[in-house]
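First comes the structure, then the notes that go with it.
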Amino acid sequence: MIIVIKIGSSSLTKAGKLFTPAIEKLCHEIAQAKKAGHAPVLVSSGATALGRTIFASAQVRMAEPAMSRAFGSAGQVALISAYERHLARHDSVAAQVLLAPTDFWIRKRYLRSRGTLHRLLELGAVPIINENDALADNDISFGDNDRLAALVAHLLKAEKLLLLTDTDGIYSSDPSVNPEASLIAKVEGIDHTLEQMATGSRSGVGRGGMSSKVAAAKIASWSGVETVIAKAARKNVVADAIAGKADIGTTVAPELRSISARKLWIAFAQQPSGRVVVDVGARKAVERRNSSLLAAGVVGASGSFAIDSIVDIADSDGTVFARGVTRWSQQQIDDHLGKKTSEIPDEISDEIIHKDDLALLPQ
Ligand code: GLU
């Protein structure tokens, strides 16, 4: 089976340095999975954390985005060379693939990434994926590697997504605060209650946290992929995840739906830049007839967004039922609201959001 395995910075590093036993264990288990005939694909964080330590003695401005990209750039070399060394001990070849969000939503790039990854698997190599941190754009980044791993699982039509972390899985509440907290072994559908249960990162290392694990599991689940959230340090975690052991951690069942990579990205984009409010007729047309969102159906907009931004689409009651990439800026909507098509300048499209750029959200 194709299994996408994601490991976070906090499981891989200690005090900003690579934690050798963790990488050794992971490479050993990956090699075992390969021997058993599976195709593991690794998504690894850790570059920025390692880079920060590499440059620790330099006088650097930590908070600057370009500086964090520079950390990622140097740290990635340290990270991938460690994987190369440890996998080589098991006669496995490490192959680095650095991705950007556009690799998922520009079809040509999407197909190209998929082609490369498939070839690597055919060659028996272990693809090791990270975001291209050196050039990452803060506004349109993956947010964290949990989401990136979920998108990769969709891209490869993987059978499983394994998110390796510091805890045993998703708890009913924070176990460090509440001794009554219990591990949730199986999730059938991710709802708001579960999203609220999962809190953010506690370690402060890396960008993920339990809430981003849940968000990633949701992407995977929408893609028809099962997610397993388990402790990185657990013995034979990879083999047990592949075998579907019941006590592995938290398993999130896949939904029976199929959604394109672009729509998946739109639906789960980090933070929408604003909101477009539509009337009842427009909601029906979008939801039931798969129509584009036309200017005539829009009754308002909020947030200040530019053309090509991702926005929520809500009805007048405030229910957000879809998301899309807008062809109008918020200013253009304000300027032309309520006008007839004939009064709108020709250079502006009649469609505020084209149907191909629109993803419905579960209600
Ligand atoms: N791409 C980042 C890195 O390798 C990690 C992002 C995350 O923590 O999820 O440092």
Between the main-chain N or O of [Y] and the side-chain N or O of [X], is there a donor-acceptor pair closer than 3.5 Å?
X    : Y    : result
H354 : D356 : yes
K231 : G169 : no
D315 : D317 : yes
T53  : G16  : yes
S172 : S182 : yes
R323 : A267 : yes
S81  : V77  : yes
S223 : I219 : yes
E29  : V237 : yes
Q332 : S329 : yes

Any side-chain heavy-atom pair of [X] and [Y] under 4.5 Å:
X    : Y    : answer
D312 : V276 : no
R89  : E24  : yes
L151 : L264 : yes
V299 : V278 : no
L98  : Q76  : yes

Say whether [X] and [Y] are linked into one hydrophobic cluster, either directly or through other cluster members, by side-chain heavy-atom distances under 4.5 angstrom.
X    : Y    : value
M1   : I5   : yes
L358 : I333 : yes
V187 : L164 : no
L99  : I80  : no
V311 : L337 : yes

For residues [X] and [Y], is any side-chain donor paired with an opposing acceptor at under 3.5 Å?
X    : Y    : result
K355 : S291 : no
Q96  : E84  : no
S113 : D103 : no

Say you draw a straight line from [atom1] of [X] to [atom2] of [Y]; how long is it, rounded to the nearest 0.5 Å?
X    : Y    : atom1 : atom2 : result
T251 : I229 : OG1   : CD1   : 8.5 Å
L121 : K34  : CG    : NZ    : 9.5 Å
L183 : T167 : CG    : OG1   : 8.5 Å
I170 : K186 : CD1   : NZ    : 12.0 Å
R234 : K245 : CZ    : NZ    : 7.0 Å
S221 : E255 : OG    : CD    : 4.0 Å

Audit row: V97, I128, side-chain contact (heavy atoms from CB on, under 4.5 Å) steps and yes/no: CA-CA 6 Å; V97 181; I128 302 178; over 6 Å; no

Which pair of non-hydrogen atoms, one from [X] and one from [Y], has the smallest distance, and what is that distance?
X    : Y    : result
I2   : L156 : CD1-O, 3.8 Å
C27  : Y83  : SG-CD2, 3.7 Å
H154 : S260 : CE1-C, 3.9 Å
T326 : I353 : CA-CG1, 3.9 Å
K160 : I242 : NZ-O, 3.4 Å
S44  : N130 : O-CG, 3.2 Å

Take atom [atom1] in [X]; do more than 12 heavy atoms of anything else shown fall under 6.0 Å from it?
X    : atom1 : result
E180 : CD    : no
K35  : NZ    : yes
R107 : CZ    : no

Option passing side chain to side chain donor-acceptor pair (under 3.5 Å) with K6 (candidates T227, D144, D146):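 For K6, the side chain to side chain donor-acceptor pair (under 3.5 Å) test succeeds with only one of T227, D144, D146, which is D146.
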
Test: R262 cationic atom under 6.0 Å from Y110 six-membered ring centre, within 45° of axis: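 Geometry flag: not set, cation outside 6.0 Å or 45°.
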
L361 and F321: CA distance, side-chain angles, deciding distance, side-chain contact (heavy atoms from CB on, under 4.5 Å) verdict: CA-CA 5 Å; L361 300 175; F321 64 93; 5.9 Å; no

Residue that, paired with R327, satisfies salt bridge (charged side-chain N to carboxylate O under 4.0 Å, His left out) out of D357, D350, D308: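 Only one of D357, D350, D308 forms a salt bridge (charged side-chain N to carboxylate O under 4.0 Å, His left out) with R327, namely D357.
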
Residues H336, W328; criterion side-chain contact (heavy atoms from CB on, under 4.5 Å); working and verdict: CA-CA 10 Å; H336 303 299; W328 289 35; 3.8 Å; yes

